Amino acid sequence: MKNDKEPSFRESVDMMFNRAVALLDLPPGLEEKIRVCNATYTVRFGVRLRGKIETFTGYRSVHSEHMEPVKGGIRFAMGVNQDEVEALAALMTYKCALVEAPFGGSKGGLRIDPRLYDEHELELITRRFAYELIKRDLIDPAQNVPAPDMGTGEREMAWIADQYNRMNTSDINSKACVTGKPLNAGGIAGRVEATGRGVQYALREFFRDERGLAKAGLTGKLDGKRVIVQGLGNVGYHAAKFLSEEDGSKITGIIEHDGGLVDENGLNVEAVRAWIIENGGVTGYPDATYVEKGAAVIENECDILVPAALEGVINLSNADRIKAPLIIEAANGPVTAGADDIMRKKGIVIIPDMYANAGGVTVSYFEWVKNLSHIRFGRMQRRQEEGRHQLVVDELERLSSDKGLGWQLSPGFKEKYLRGADELELVRSGLDDTMRISYQTMRDVWHERDDVEDLRTAAYIVAISKVAASYRAKGL
Ligand code: GLU
C-alpha cells in the first residue's frame, strides 16, 4: 500500500535534485532552469483496429536541451502519464551528463497494454505514434533520438527508423534517428544486453572500492553474494545472468508480477526466464519455493537487492523492512524520496539509477556514432591489429627456437592474443570504461566531501555541475 505522504515520481526526482543543489554554488536562477522540464508534447491519435477507431495517448517530454540531440527511451505501458514521462526525462538529462554521453534528456511514453494487440496492430500503432513525433522534430537524428524502454524493444525501434526514413528519404543519417535497432537494421552488437551488462560492471567497480564496501558493511568479492532481483525483464534478466554465470553470485530471489521464487542455493536464471516466456509468469516453476505474495520477497535477507522493474517499488510502506545492505537501482526511480531518506539513515548503500542503468544509453551513444559514421566498429583496424600481434608471436617463437630456449606459449594464449577485437568486444570495453570512470567521479565526491552522505547526492552533484558548465559555456 502506498502512503499518502508519498510524493509523485516527478516530485521525488525534484526532492533528490534539491538535496544536491543545496550543496552546490550555482549562479542565481540556473538551478530552476536546470530543474524544469522544457516542454512536454501530448498527442492523441486514432488508429482503425478491428473495425473501429481506437484513440491512444502518447507523450514526448524534453527536459533539457543543453546538448542536442536529446535522448531517452519510449515506453509502452498502461501507467504512462505526464508526471512519469517528465520525471524520466529529467533522469535522462542527469544520466547522460554523469556518463558523458553528449545528449540532453528526453523521454516518451504511450499509454497502452501491448499484450492486448497482435504484431500487425502494434506496428500500425507504433508507426502512427512515430509519425506524430517525426513531423514535429521530436524524432530526428540531430534533435531527438528515442530508444527502447519498458514494453518496447528492437522491433518497435526498427518500425520507428523505417517510418522516419519514409518521411525523410534523402536524409543520409536517417538511421541515427533512433537507437536500439536490430543489428540488421542499423543496430549495434551488445545493445540488448547493455543495461544489464552495465549493472554488472557497476557492481564490479563498487566491489573494487574498499571504502564503499565498508560503508555497506560488505567484504570480499561478488563471488557467493546473495542477490535478489525484482523483475526479470530485459535488464533484470541480463544482470542476473551475468552476475550468476560470470561473477559467481547466487540469485536467491526473483520477483515477478505473479509471485516470487526463492532458493538459498541460487536459482537457474536461464531456466526461470524460459519458464516465464513459456507460461507468462513464475507460477508453477518446479525448481524453487514459490511465494504468492512476491512483493514481500524484496524484504528478504540478501547481500544485494536489484530492483529492475517499475518505479516506486521501495516506498514509505516497506523501506524500513528492507534488509539488503546494498541496493543497485537497475530500474529508473525504484526508490521514492521518502524511502531513500529512511534507508540512508539505516546505512543502506544505494547505487543510484542515473548511474546504475546508464549502460543502455551509453551503448545507444555508440550506436548513434556508428550510424553517423556509416561503418561498423573495428572494421578498419581488426586485421591490422591481428597482424601486429602475429609479429610478436612469430618473434617470440623464433627467439625460442634460434636460441634453443624451449619457451612454450601457454595453451589458448596464441588464439586469445592473436584475435583482433570485433564490434561486441569494443562495445563492452567502451561500456566497462564508462561505468568505471563514472563510478570513480561519483565515488570521489561521496568519500571526500563531508556534507555528502550518499552516492545519489554525489551523482546529482557531478551531473548537475556538468549541465551547469554547459549552460555557462553557452553564455547563460
Ligand atoms: N530507456 C533507457 C533508459 O532509461 C535507454 C535510453 C537510451 O538508450 O536512449 O536509460
Side-chain angles (χ1 to χ4, degrees), residues 9 13 59-64 67-77 80 84-110 133 138-141 143-154 156-158 160-161 175-182 186-188 190-199 201-202 231 233-236 238-239 307-311 328-334 351-371 427 430-431 434-435 438 459 463:
F9 186 14
V13 171
Y59 305 89
R60 184 80 182 159
S61 177
V62 175
H63 175 259
S64 177
M67 284 199 188
E68 281 186 310
V70 292
K71 191 92 190 70
I74 291 185
R75 75 170 47 172
F76 283 5
V80 164
E84 182 194 62
V85 172
E86 290 189 353
L88 292 165
L91 278 176
M92 284 309 304
T93 296
Y94 310 132
K95 191 185 301 191
C96 291
L98 182 67
V99 299
E100 298 194 331
F103 304 126
S106 182
K107 199 81 174 199
L110 184 67
L133 298 180
L138 288 163
I139 297 179
D140 180 290
Q143 293 190 59
N144 198 325
V145 182
D149 201 80
M150 248 165 56
T152 56
E154 289 187 322
E156 288 73 15
M157 301 307 116
I160 294 173
K175 282 204 165 61
C177 76
V178 65
T179 57
K181 302 176 293 291
I188 192 166
R191 176 61 184 86
V192 176
E193 65 165 46
T195 314
R197 184 63 80 183
V199 170
Y201 290 161
N234 179 42
V235 180
H238 280 106
L310 272 177
E311 54 261 15
I328 178 156
E329 297 182 330
N332 286 308
I351 305 180
D353 47 8
M354 80 170 75
Y355 164 70
N357 67 39
V361 75
T362 300
V363 177
S364 275
Y365 167 40
F366 302 155
E367 180 176 332
W368 182 73
V369 170
K370 175 185 180 182
N371 293 152
V427 162
L431 176 59
T434 304
M435 297 310 289
S438 317

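Treat the numbers as computed from the prediction; the structure is a model and nothing was measured. Counting convention: from 1, in listed order, for ligands and their atoms alike.
- Short contacts between ligand 1 and Lys95, defined as distances under 4.0 Å to a heavy atom of the residue, involve ligand atoms 3 (C), 4 (O), 10 (O).
- Using a 4.0 angstrom heavy-atom cutoff, Met150 does not count as in contact with ligand 1.
- Looking only at atom types and distance, the side chain of Ser64 has no donor-acceptor partner in the side chain of Thr93 under 3.5 Å away.
- In summary, the atoms of ligand 1 found under 4.0 Å from a heavy atom of Val361, numbered by their order in the structure, are 7 (C), 8 (O), 9 (O).
- At least one heavy atom of Lys107 sits closer than 4.0 Å to an atom of ligand 1.
- Nearest to atom 2 (C) of ligand 1 by heavy-atom distance, out of Pro148, Ala358, Ala101, Gly105, is Pro148.
- Listed by atom number, the atoms of ligand 1 under 4.0 Å from Ala147 heavy atoms are 6 (C), 7 (C), 8 (O), 9 (O).
- Nearest protein heavy-atom neighbour of atom 8 (O) of ligand 1: Ser364 OG, 2.6 Å.
- In this structure, Val145 and Phe103 have side chains that are not in contact, with every pair of non-hydrogen atoms separated by 4.5 Å or more.
- Scanning all heavy atoms of the two residues, the minimum distance from Leu310 to Met150 falls at CD2-CE, 3.7 Å.
- Annotation: side chain of Leu133 is in contact with side chain of Ile74 (closest heavy-atom distance under 4.5 Å).
- Residue Glu100 qualifies as open at atom CD: its count of foreign heavy atoms under 6.0 Å is 12 or below.
- Only side-chain heavy atoms of Arg191 come within less than 4.0 Å of ligand 1; its backbone N, CA, C and O stay farther off.
- Contact record, Met354 with Lys95: O-CG, 3.0 Å, taken as the closest heavy-atom pair.
- Side-chain atoms of Ser364 and Arg191 include a donor-acceptor pair closer than 3.5 Å.
- Between Asn332 and ligand 1, at least one N/O pair is under 3.5 Å apart.
- Within ligand 1, counting atoms from 1 as listed, the ones closer than 4.0 Å to a heavy atom of Gly73 are 1 (N), 6 (C).
- Those atoms of ligand 1 that come under 4.0 Å of a heavy atom in Gly360, given as number and element, are 8 (O).
- Summarising the geometry of Val192 relative to Asn234, their closest heavy-atom pair is O-ND2, 3.0 Å, with the distance given to 0.1 Å.
- Residues Thr179 and Pro148 come closest through the heavy atom pair O-CD, 3.4 Å.
- The ligand atoms of ligand 1 that sit less than 4.0 angstrom from a heavy atom of Met92 are 3 (C), 4 (O), 6 (C), 10 (O).
- In terms of protein heavy-atom proximity, atom 9 (O) of ligand 1 is closest to Lys71 NZ, 2.8 Å.
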